[in-house]
Amino acid sequence: MFNLILFGPPGSGKGTQSEKLIARYGLKHLSTGDILRSEIAAQTPLGLAAKSLMDKGQLVPDEVVIEMINVALENNPQAKGFLFDGFPRTTAQAEALDKLLASKNSAINVVLALQVGKEELVVRLLNRGKTSGRSDDTNEAVIRSRIEEYEKKTMAVADYYRQYNKVELVKGEGTIDEIFAALSSEIDKRM
Ligand code: AP5
Ligand code: MG
């Protein structure tokens, strides 16, 4: 198995690049944000509980997303590897993910961390908010709260994986194709 974490702040291009990477490398895409939004659309109890937090730009509880990933791993025993997008977002989630993968005799191979300046993130997300229908994109205060959550709780995930030498920084500004080429070259070195 080849397991990759595509890491970066809100708006750094994780979803955009994930689509291209799964097509090239045949990995299974696991985006906790996408799973949560489909729970909201289906109006499940989990979705309804998550929605109020997501609308404020706050993280949902670790137990909720860890269980979602647990289920997704169980449901995809034939996968040749996973691309994690938007997960893990706290050190507790990273530790839980390592345990889940270890129980399947697997591990994270690399964490590719997209580097994008804060003001560029805000511009991208406000722009996407015009058409995305995502309630957390429409309001600049909520966008800034998401970035703050990232700085307070999620940046530590990179430090966690740095102790295992698994983190590679990748420039996340430029054209989508340039960034895809840079990500692909890091994957090709390790696959
Ligand atoms: P999530 O869905 O993960 O959203 P996010 O992290 O805020 O990131 P985005 O999806 O907004 O950005 P992205 O990096 O995917 O960028 P994209 O490619 O779309 O999470 C949403 C919420 O769910 C969280 O706030 C939290 O409440 C909850 N949640 C999810 N996972 C959780 C977890 N593990 N634990 C707890 N809570 C969790 O690109 C953004 C825009 O930029 C697009 O319009 C795109 O077209 C454009 N763009 C992309 N690349 C470029 C480029 N190179 N140049 C110019 N524009 C570009
Ligand atoms: Mg995304």
Side-chain angles (χ1 to χ4, degrees), residues 4-22 29-41 46-73 82-97 100 111-158 160 170-183:
L4 157 73
I5 295 173
L6 192 53
F7 186 79
S12 57
K14 302 183 296 296
T16 304
Q17 296 295 335
S18 289
E19 293 304 325
K20 297 171 73 72
L21 291 168
I22 58 167
H29 184 200
L30 293 184
S31 157
T32 41
D34 288 350
I35 300 171
L36 287 164
R37 280 184 289 277
S38 68
E39 296 277 344
I40 292 173
L46 191 161
L48 295 175
K51 184 174 177 359
S52 59
L53 291 166
M54 291 168 72
D55 284 349
K56 285 184 272 188
Q58 294 171 4
L59 295 185
V60 306
D62 288 337
E63 314 80 73
V64 173
V65 288
I66 291 166
E67 181 54 20
M68 279 172 19
I69 291 293
N70 183 23
V71 169
L73 294 179
F82 294 94
L83 190 171
F84 297 95
D85 159 7
F87 180 90
R89 256 175 152 97
T90 62
T91 307
Q93 291 179 23
E95 288 167 351
L97 177 60
L100 286 173
V111 179
L112 298 178
L114 291 167
Q115 308 293 299
V116 178
K118 200 191 282 197
E119 293 315 308
E120 167 75 8
L121 299 173
V122 176
V123 168
R124 285 185 188 182
L125 292 175
L126 278 173
N127 192 39
R128 185 178 64 184
K130 293 176 194 159
T131 54
S132 68
R134 270 182 63 167
S135 51
D136 58 349
D137 279 350
T138 42
N139 167 330
E140 181 165 341
V142 173
I143 289 173
R144 292 201 182 269
S145 300
R146 287 160 61 195
I147 297 172
E148 226 170 86
E149 284 280 87
Y150 171 82
E151 289 170 343
K152 277 199 312 216
K153 299 174 183 166
T154 305
M155 266 163 62
V157 171
Y160 173 83
V170 175
K171 187 171 163 230
E173 297 190 35
T175 69
I176 288 169
D177 285 341
E178 281 165 356
I179 298 160
F180 179 58
L183 292 169

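Note that the numbering runs from 1 along the sequence shown for the chain. Each ligand, and each atom within it, is numbered from 1 in the order the structure gives. Predicted model only: the values in this text are computed from it and were never measured.
- Taking distance alone, with nitrogen or oxygen atoms compared against 3.5 Å, G86 approaches ligand 1 more closely than that limit.
- Not a single heavy atom of E149 sits closer than 4.0 Å to an atom of ligand 1.
- If you look at M54 next to ligand 1, the close heavy atoms, those under 4.0 Å, come from the backbone and the side chain alike.
- Of the listed options M68, E178, R124, R124 places a heavy atom closest to atom 54 (N) of ligand 1.
- Atom 20 (O) of ligand 1 has R89 NH2, 3.4 Å as its closest protein atom, hydrogens excluded (heavy atom only).
- When each atom of ligand 1 is checked for a heavy atom of L125 under 4.0 Å away, the hits are 11 (O).
- Listed by number with element, the atoms of ligand 1 under 4.0 angstrom from any heavy atom of Q58 are 26 (C), 27 (O).
- Separation of atoms OG (S145) and CD1 (I143) is listed at 10.0 Å; rounding is to 0.5 Å.
- Between S12 and L114 the shortest heavy-atom distance is O-CD1, 3.4 Å.
- Geometrically, ligand 1 and Q93 share a nitrogen or oxygen pair separated by less than 3.5 Å.
- Neither the backbone nor the side chain of E173 comes within 4.0 Å of ligand 1, counting heavy atoms alone.
- Panel note: side chain T32, backbone G86; a donor-acceptor pair is recorded below 3.5 Å.
- Contact annotation: L53 has no heavy atom less than 4.0 Å from any atom of ligand 1.
- A donor-acceptor pair is defined here as one N or O able to donate and one able to accept, closer than 3.5 Å; such a pair exists between the side chain of Q17 and the backbone of I176.
- What you find for L59 and L53 is that their closest heavy atoms are O-CD1, 3.9 Å.
- Distance check, rounded to the nearest 0.5 Å: CG of L6 to CG of L83 gives 5.5 Å.
- L121 and P10 get closest at one heavy-atom pair: CD2-O, 3.3 Å.
- Taking distance alone, with nitrogen or oxygen atoms compared against 3.5 Å, T16 approaches ligand 1 more closely than that limit.
- Note that CD1 of I66 is 5.5 Å distant from CZ of F87, once rounded to the nearest 0.5 Å.
- Across P88 and L97, no two heavy atoms sit closer than the pair CD-CD2, 4.0 Å.
- With A50, G13, G174 as candidates, the residue nearest to atom 53 (N) of ligand 1 on a non-hydrogen basis is G174.
- Using a cut-off of 4.0 Å between Lys/Arg side-chain N and Asp/Glu carboxylate O, D136 and R128 are scored as not salt-bridged.
- Between T138 and G129, the shortest heavy-atom contact is CG2-O, 4.0 Å.
- Every heavy atom of Q17 sits 4.0 Å or more from the atoms of ligand 1.
- Salt bridge R144/E119: present, at least one basic N to carboxylate O contact under 4.0 Å.
- Proximity of a side-chain donor or acceptor of Q115 to a complementary backbone N or O of A113 within less than 3.5 Å is detected.
- Ligand 1 has no N or O atom lying under 3.5 Å from any N or O atom of D136, backbone or side chain.
- Among all non-hydrogen protein atoms, the one lying nearest atom 4 (O) of ligand 1 is R134 NH2, 3.2 Å.
- The shortest heavy-atom distance from P9 to ligand 1 is under 4.0 Å.
- Contacts with ligand 1 closer than 4.0 Å are made by heavy atoms of both the backbone and the side chain of V60.
- With distances taken over non-hydrogen atoms, the option nearest atom 14 (O) of ligand 1 out of R37, K130, K14 is K14.
- Geometrically, ligand 1 and S12 share a nitrogen or oxygen pair separated by less than 3.5 Å.
- Considering backbone and side-chain atoms alike, R146 places an N or O below 3.5 Å from some N or O of ligand 1.
- Residue contacts with ligand 1, taken as heavy atom pairs separated by less than 4.0 Å, involve I179 solely via side-chain atoms from C-beta onward.
- Here's the thing with G15: one of its N/O atoms is less than 3.5 angstrom from an N/O atom of ligand 1.
- Close contacts between ligand 1 and T32 involve ligand atoms 30 (C), 31 (N), 32 (C), 33 (C), 34 (N) [criterion: under 4.0 Å to a heavy atom].
- Looking at K14, its side chain does come within 3.5 Å of a backbone N or O of P9 through a donor-acceptor pair.
- At a 3.5 angstrom cut-off on N or O pairs, G11 counts as close to ligand 1.
- A donor-acceptor contact shorter than 3.5 Å is absent between the side chain of E120 and the backbone of G117.
- The proximity of D62 to ligand 1, defined as any non-hydrogen pair under 4.0 Å, does not occur for either the backbone or the side chain.
- The protein heavy-atom contact nearest to atom 19 (O) of ligand 1 is R128 NH1, 2.5 Å.
- Proximity of P88 to ligand 1, defined as any heavy-atom pair under 4.0 Å, is not found for any part of the residue.
- Of all non-hydrogen atoms in D85 and H29, the two that sit nearest each other are OD2-NE2, 3.0 Å.
- Of all the heavy atoms of L36, the ones lying under 4.0 Å from any atom of ligand 1 belong exclusively to the side chain.
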